[in-house]
Enquirer: 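Dropping a structure here in structure tokens format, bear with me for questions.
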Amino acid sequence: QKEVEQDPGPLSVPEGAIVSLNCTYSNSAFQYFMWYRQYSRKGPELLMYTYSSGNKEDGRFTAQVDKSSKYISLFIRDSQPSDSATYLCAIRGGSNYKLTFGKGTLLTVNP
Amino acid sequence: SQTIHQWPATLVQPVGSPLSLECTVEGTSNPNLYWYRQAAGRGLQLLFYSVGIGQISSEVPQNLSASRPQDRQFILSSKKLLLSDSGFYLCAWSVGPGHTFGSGTRLTVV
């Protein structure tokens, strides 16, 4: 079983839709949960990170972590064409410097 | 503010040629530094990380090596490139949980 699983999509939605992106992980030692956005031919940029179970909101973005199910989600409200990108989840253990990434989900928001 | 510089942006190299990619970080001291490779359909693969000058940890046996001659400089090298070395190479740094990435180098080995 891979450490982090992410549906690669692609996912295509109309402008204004609510988008749900998800990852599952296998190692209960993971403590930090992150979402990155990557535009084509660019480096990933950190959108949000959370340390514990629950929700964290930042504008139109909400990150959700359920440690009991080993499941993390990113919700995008009122999606915009500028949100079109690949979204990668990433997870890290407590004392480990390394991040384990999902393969990314390609999202297209159509105007 | 912290910035990360990575160059070149694109590179086309023949099989068997050497490689040197450089990454520098500004605005922070003693960062953890990382080299990743991103190949189509395979996600981000950690190649090397460094917690200090001269300290390199390798994650994947391969044709590549890394060095950290200065606190904020990280170099990825190869003596002889293989076709399978093609990909998008990303340098990153961290002082907290998240990593900050550079703009990447797209390497094509022909």
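Numbered from 1 within each chain, the chains take letters A, B, ... in sequence-line order.
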Enquirer: Counting only heavy atoms closer than 4.5 Å, note whether B:Ser94 contacts chain A via side chain, backbone, both or neither.
Expert: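 No part of it gets close to chain A.
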Enquirer: Would you kindly confirm whether B:Leu83 and B:Tyr89 end up in one hydrophobic cluster when ILVMFWY residues are joined by side chain heavy atoms under 4.5 Å apart?
Expert: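 Same cluster.
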Enquirer: Could you tell me which residues in residues 33-43 of chain A have at least one non-hydrogen atom under 4.5 Å from a non-hydrogen atom of chain B, sorted by residue number?
Expert: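 Answer by number: A:Met34, A:Tyr36, A:Gln38, A:Arg41, A:Lys42, A:Gly43.
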Enquirer: With a 4.5 angstrom heavy-atom cut-off, is it the side chain or the backbone of A:Pro44 that approaches chain B, or both, or neither?
Expert: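 Both parts, backbone and side chain.
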Enquirer: Answer with yes or no whether the hydrophobic clustering places B:Leu107 together with B:Val15; edges join I, L, V, M, F, W, Y residues whose side-chain heavy atoms lie under 4.5 Å apart.
Expert: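 Shared cluster, yes.
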Enquirer: I'd like to check A:Leu88 versus B:Leu44 (side-chain heavy atoms, cut-off strictly below 4.5 Å). Are they in contact?
Expert: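 Yes. Closest side-chain heavy atoms under 4.5 Å.
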Enquirer: Taking only heavy atoms into account, what residues of residues 27-36 of chain B are found under 4.5 Å from chain A?
Expert: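 Answer by number: B:Asn32, B:Tyr34, B:Tyr36.
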Enquirer: Would you say B:Leu19 and B:Val109 are hydrophobically clustered, going by side-chain heavy atoms of ILVMFWY under 4.5 Å?
Expert: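 Same hydrophobic cluster.
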Enquirer: Would you indicate whether B:Phe88, at its atom CZ, is surrounded by more than 12 heavy atoms from other residues, nucleotides or ligands within a distance under 6.0 Å?
Expert: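 Correct, the count exceeds 12.
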Enquirer: Between B:Tyr49 and A:Lys98, is a side-chain contact (heavy atoms from CB on, under 4.5 Å) present by the stated rule, with each step listed?
Expert: CA-CA 8 Å; B:Tyr49 72 95; A:Lys98 298 178 288 184; 3.7 Å; yes
Enquirer: Is B:Gln38 close to chain A through its backbone or its side chain, or both, or neither, when contacts mean heavy atoms under 4.5 Å?
Expert: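 Side chain only.
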Enquirer: Please report the interatomic distance CG(B:Leu46) to CG(A:Leu99), rounded to the nearest 0.5 Å.
Expert: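 That separation rounds to 8.5 Å.
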Enquirer: Using the rule that Ile, Leu, Val, Met, Phe, Trp and Tyr join whenever any side-chain heavy atoms are under 4.5 Å apart, tell me whether A:Val109 and A:Phe75 fall into a single cluster.
Expert: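 A:Val109 and A:Phe75: separate clusters.
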Enquirer: With clusters defined by side-chain heavy atoms of hydrophobic residues (ILVMFWY) lying less than 4.5 Å apart, directly or transitively, does A:Tyr87 cluster with A:Leu106?
Expert: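 Different clusters: A:Leu106 never reaches A:Tyr87 through Ile, Leu, Val, Met, Phe, Trp or Tyr contacts under 4.5 Å.
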